[in-house]
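Okay, so here's the structure we're looking at.
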Amino acid sequence: MSDQDKSTPSHFIRQIIDHDLQAGKNEGRVHTRFPPEPNGYLHIGHAKSIVLNFGLAQDYQGKCNLRFDDTNPHKENVEFVESIQQDVRWLGYDWEDRLFYASDYFQQLYDFAVELITAGKAYVCDLDAEQMREYRGTLKEPGRESPFRSRSVEENLDLFARMKAGEFADGERVLRAKIDIASPNMNLRDPTLYRIRHGVIHHQTGEAWCIYPMYDFTHPISDALEGITHSLCTLEFEDHRPLYDWVLDNITIPYHPQQIEFSRLNLEYTVMSKRKLTQLVEEGFVEGWDDPRMPTVAGLRRRGFTSGSIREFCHRIGITKSDNLVEMGVLESCIREDLDTHAPRRMGVLHPLKLVIENYPEDGEEWLSASNHPKNESMGQREIPFSREIYIDQADFREEANKKYKRLVSGGEVRLRNAYVIKCEEVLKNNQGDIVELRCSYDPETLGKNPEGRKVRGVIHWVSARHGVKAEVRLYDRLFSQPNPDKVTEGGHFTDNLNPDSLRTLTDCYLESSLGDASVGERYQFEREGYFTMDSREASGEKPVFNRIVTLRDSWAKLEKQGV
RNA sequence: UGGGGCGUCGCCAAGCGGUAAGGCACAGGGUUUUGAUCCCUGCAUGCGGAGGUUCGAAUCCUCCCGCCCCAGCCA
């Protein structure tokens with residue numbers, strides 16, 4: 001995998017690591033971690049973090065752990081734990097024997113909390129949530145000390161032990177750090193360290209605990225216990241860094257990892273927040289977490305993206321601290337680049353129009369040889385059946401057109417890809433005036449060579465009517481119609497920006513016969529149409545279903561739009 | 001003057017005091033039995049703005065402007 005990937009560009013985190021290595025920090029180790037909360041499926045923003053963390057470990061001969069940040073059992077479950085592991089593996093990374101859960105450390109975390117209490121640096125607070133908010137002050141006004149802040153160490157120890165023992169109800173008490181209730185940094189105004197949660201069954205620890213540690217307490221300790229050297233997270237945790245450091249500075253623990261923040265990925269025409277993705281799934285706006293329109297790793301995989309193209313994308317967008325909104329074109333370019341070199345070519349007609357070659361024998365049939373790739377001979381050839389009746393795409397015929405249009409017109413000639421030059425002799429219409437069939441003639445001298453004395457500019461794809469495989473094809477477009485779906489008018493909702501045409505299902509497509517035994521995981525270029533792959537969920541149905549991964553670049557469509 | 005960040009081409013992004021990399025997009029041209037691919041060419045006298053320091057500033061200093069994050073017993 002890694003030897004196929006292009007070299008990763010430098011960025012500020014690599015510079016920090018280089019400096020650390022040069023200064024002899026961390027005994028020359030580089031040890032990162034990817035720490036998802038198992039409360040949803042991974043999306044391409046997580047992929048950015050995965051490629052960063054695991055990629056750094058690879059490049060510096062270091063290690064990267066997979067650690068589930070499972071301190072809030074309320075929203076978490078094993079389905080997510082499993083899908084996350086599958087997605088990280090699919091992206092090409094291996095945590096070896098280093099799969100951890102923050103919940104592995106619940107006992108140690110508890111002991112560290114006791115250490116803080118004993119040192120007079122944490123206290124049990126009886127304020128309820130609303131009171132605490134009030135006491136904490138606002139962004140511009142300092143907070144007021146909790147009346148419980150001055151409890152004795154003995155009382156705090158006793159109360160905390162009873163919290164653990166289950167003597168108090170949810171919300172009745174919390175453990176708080178005693179830092180600075182007037183700090184300009186809200187995170188330092190005596191943050192909550194532990195809360196009480198009865199009646200939830202934790203996916204890893206079951207009912208062993210009824211108190212659960214908060215992220216800000218758990219994360220630095222988990223990192224330190226695992227010997228993490230560089231703890232990479234997104235920008236919104238910048239304000240938490242002083243708290244991260246405070247925790248490690250006030251307990252007895254041998255390591256103190258460095259937290260470094262980078263900006264999260266934003267992609268045009270989609271959403272990345274787990275809350276919104278969850279809503280799309282739960283309210284049925286999409287088929288599920290792996291809906292091919294979703295920016296989830298599972299969705300991209302089902303859509304047909306390769307993991308290499310996603311890694312390449314993550315390298316192209318870079319790592320910085322600036323807010324960003326990346327164009328879809330970057331992702332599309334990555335998958336096209338991959339598939340152009342790797343996907344075998346096939347022919348598939350999406351909007352069939354019947355075409356009869358009148359001077360071709362009624363029961364005639366011949367098998368024509370076609371390259372699987374225009375510039376990679378090692379991909380070999382395939383045989384394509386040709387016969388008197390074929391299908392071409394409706395978009396490849398016009399009764400009349402200007403010279404820019406180089407496909408088939410009445411009385412005109414066109415090359416059938418991998419076959420003969422044909423001429424349109426007659427157009428058949430139904431009562432409504434719709435074109436229903438084309439009657440043509442073919443030039444038998446044009447197989448594998450150009451006709452003499454005239455030029456045929458256009459080439460169109462086709463499928464033999466008798467031999468073609470009937471298939472369903474799903475064409476995907478952007479999930480939202482706005483570059484930034486969060487931009488809504490007063491009182492609006494991001495789902496208002498959903499693109500009603502994000503999925504178009506074509507049920508009467510004809511694919512060349514060799515596609516009859518295509519299997520899941522194979523990707524093809526349907527020439528002149530785009531890249532396609534068999535849908536993994538519909539693979540057992542009687543009719544094959546193909547997903548369009550991405551279109552080909554289309555300069556003709558651009559011209560047409562400009563009114564040429 | 002709550003605190004913390006960020007502003008370099010349409011979108012990403014290098015640059016770290018010596019005279020603006022690269023990718024995507026876009027525009028021209030060439031090759032082509034895919035209007036694809038590929039190959040050429042073009043695309044910031046300019047780095048949020050204004051001053052200043054310097055022989056020299058995107059890089060240093062000052063002031064100003066804009067955008068993002070923080071008041072969960074979420075992560």
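Computed over heavy atoms, backbone and side chain alike; hydrogens, waters and symmetry mates excluded. Just so it is clear, the structure is predicted and the values come from calculations on it, not from any experiment.
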**Message:** A:Asp486: which residues meet the side-chain hydrogen bond (donor to acceptor under 3.5 Å, both in side chains) condition with it, sequence neighbours left out?
**Reply:** A:Lys276
**Asked** How close or far is atom C1' of B:U33 from atom CD of A:Gln381, stated in whole angstroms?
**Response** 13 Å
**Prompt:** Looking only at atom C1', what distance separates B:G28 and B:A14, rounded to whole Å?
**Reply:** 27 Å
**Item:** Partners meeting ring-ring contact (aromatic ring centres under 6.0 Å, His included) with A:Tyr215 (sequence neighbours left out)
**Value:** A:His219, A:Phe237
**Asked** Contact class for A:Thr320 (heavy atom, under 4.0 Å): base, sugar-phosphate, or nothing?
**Response** sugar-phosphate
**Request:** Could you pull out all residues at least two apart from A:Asn372 that satisfy side-chain contact (heavy atoms from CB on, under 4.5 Å)?
**Result:** A:Pro344, A:Arg346, A:Met379, A:Arg382
**Request:** May I have all residue pairs that pass salt bridge (charged side-chain N to carboxylate O under 4.0 Å, His left out) and include part of residues 176-194 of chain A, sequence neighbours excluded?
**Result:** A:Arg149-A:Asp190
**Complete:** Checking N1-N3 plus N6-O4 or O6-N4 for Watson-Crick, or N1-O2 and O6-N3 for wobble, each under 3.5 Å, the partner of B:G7 is B:C65
**Message:** Work out how far the P atom of B:A36 is from that of B:G46, and round it to whole angstrom.
**Reply:** 36 Å
**Nearest-nucleotide pick for A:Asn324, side chain only, options being B:A13, B:U33, B:U34** = B:A13
Listing time: all N or O pairs from protein to nucleotides 39-44 of chain B that are below 3.5 Å?
none

**Request:** With a 3.5 angstrom cut-off on both distances, give the Watson-Crick or G-U wobble partner of B:C60, or none if there isn't one.
**Result:** B:G52
**Asked** Any N or O donor-acceptor pair linking the side chain of A:Arg528 to the base of B:U34 at under 3.5 Å?
**Response** no
**Request:** State, yes or no, whether a side-chain contact exists between A:Asp396 and A:Arg528 at a heavy-atom distance under 4.5 Å.
**Result:** yes
**Item:** Rounded distance (Å) that lies between atom C1' of B:C26 and atom CG of A:Asp554
**Value:** 16 Å
**Request:** Could you state the atom-to-atom distance from CD1 of A:Ile392 to C1' of B:U34 in whole Å?
**Result:** 15 Å
**Request:** Answer with base, sugar-phosphate or nothing: what part of the nucleic acid does A:Lys321 contact at a heavy-atom distance below 4.0 Å?
**Result:** sugar-phosphate
**Item:** Inter-nucleotide C1' distance (B:U54, B:U62), Å rounded
**Value:** 16 Å
**Message:** What's A:Glu268 touching, base or sugar-phosphate or nothing? Going by heavy atoms closer than 4.0 Å.
**Reply:** nothing
**Request:** Do nucleotides 20-25 of chain B as a string where each nucleotide becomes B, S or -: B if the base has a protein heavy atom under 4.0 Å, S if just the sugar-phosphate does, - if no protein is that close.
**Result:** ---SS-
**Message:** Between A:Glu337 and A:Arg316 (salt bridge meaning N to carboxylate O under 4.0 Å), is one present in this structure?
**Reply:** yes
**Message:** Does A:Glu529 contact B:U34 through a side-chain donor or acceptor facing the base, at a distance under 3.5 Å?
**Reply:** no
**Request:** Both distances under 3.5 Å, Watson-Crick or G-U wobble: report the partner of B:A13, or none.
**Result:** none
**Message:** Taking only the C1' atom of each, what is the distance from B:G17 to B:G52 in whole angstrom?
**Reply:** 15 Å
**Request:** Could you check how far CZ of A:Arg457 sits from P of B:G35, rounded to whole Å?
**Result:** 11 Å
**Message:** Can you list everything that forms a side-chain hydrogen bond (donor to acceptor under 3.5 Å, both in side chains) with A:Glu167? Sequence neighbours excluded, please.
**Reply:** A:Arg162
**Salt bridge A:Asp340-A:Arg345, side-chain N to carboxylate O under 4.0 Å** = yes
**Request:** Kindly write out the residues that satisfy side-chain contact (heavy atoms from CB on, under 4.5 Å) with A:Arg241, not counting sequence neighbours, or none if the list is empty.
**Result:** A:Glu238, A:Asp245, A:Gln259, A:Glu261
**Request:** Please name all residues satisfying ring-ring contact (aromatic ring centres under 6.0 Å, His included) with A:Tyr391, sequence neighbours left out, ordered by chain then number.
**Result:** A:Tyr510
**Complete:** A:Asn376 atom CG is separated from B:C38 atom P, nearest whole Å, by 14 Å
**Request:** Give one of base, sugar-phosphate or nothing for A:Ala557, where a contact means two heavy atoms less than 4.0 Å apart.
**Result:** nothing
**Message:** On RNA chain B, does the nearest nucleotide to A:Ser10 precede the nearest nucleotide to A:Gly448 from the 5' side, or the other way round? Give the residue.
**Reply:** A:Ser10
**Prompt:** Quick one: side-chain hydrogen bond (donor to acceptor under 3.5 Å, both in side chains) partners of A:Ser10, sequence neighbours excluded?
**Reply:** none
**Prompt:** In the strands shown, is B:C26 matched to any nucleotide by a Watson-Crick or G-U wobble pair with both distances under 3.5 Å, and which?
**Reply:** B:G42
**Request:** Assign a letter to each nucleotide of nucleotides 68-75 of chain B from its 5' end: B, base within under 4.0 Å of a protein heavy atom; S, sugar-phosphate only; -, no contact.
**Result:** SBBBSBBB
**Message:** With a 4.0 Å cut-off on N to O distance, would you call A:Asp59 and A:Arg14 a salt bridge?
**Reply:** yes
**Prompt:** Base, sugar-phosphate alone, or nothing: which one does A:Leu325 contact when heavy atoms must sit under 4.0 Å apart?
**Reply:** sugar-phosphate
**Request:** Run the salt-bridge test on A:Glu226 and A:Arg67 with the 4.0 Å N-O cut-off and return the result as yes or no.
**Result:** yes
**Item:** Spacing of A:Phe12 atom CZ and A:Asp18 atom CG [to the nearest 0.5 Å]
**Value:** 13.0 Å
**Asked** B:G35, B:G7, B:G5: which one has an atom nearest the side-chain heavy atoms of A:Ser322?
**Response** B:G7
**Prompt:** Roughly, in whole Å, what's the span from NZ in A:Lys48 to C1' in B:A13?
**Reply:** 11 Å
**Prompt:** Hey, does the side-chain of A:Arg241 have a donor or acceptor N/O within less than 3.5 Å of a partner on the base of B:G4?
**Reply:** no
**Item:** B:U53 to B:C39 separation - C1' atoms, rounded to the nearest Å
**Value:** 49 Å
**Message:** Does A:Arg345 reach a base, just sugar-phosphate, or nothing at all? Heavy atoms under 4.0 Å.
**Reply:** base
**Item:** Span that lies between the C1' atom of B:C64 and that of B:G7, in whole angstrom
**Value:** 14 Å
Side-chain atoms of residues 447-455 of chain A: list all donor-acceptor pairs with protein atoms under 3.5 Å, sequence neighbours left out, distances to 0.1 Å.
from, atom 1, to, atom 2, distance (Å)
A:Arg454, NE, A:Glu413, OE1, 2.8
A:Arg454, NE, A:Glu413, OE2, 3.1
A:Arg454, NH2, A:Glu413, OE2, 2.7
A:Arg454, NH2, A:Asp443, OD2, 3.0

**Request:** Mind checking A:Phe313 for me? I need base, sugar-phosphate or nothing, with any heavy atom below 4.0 Å counting as a touch.
**Result:** nothing
**Asked** For B:G72, does the O4'-C1'-N9-C4 (purine) or O4'-C1'-N1-C2 (pyrimidine) torsion place it in syn, i.e. within 90° of 0, or in anti?
**Response** syn
**Request:** Find the distance A:Glu527:CD to B:A36:P and express it as a whole number of Å.
**Result:** 13 Å
**Value in whole Å for how far the C1' atom of B:U34 lies from NZ of A:Lys375** = 11 Å
**Message:** Just to be sure I understand the rule, does A:Gln15 reach a base, reach only the sugar-phosphate, or reach nothing, if contact means heavy atoms closer than 4.0 Å?
**Reply:** base
**Request:** Determine the interatomic distance between C1' on B:U45 and the same-named atom on B:G3; round to the nearest Å.
**Result:** 40 Å
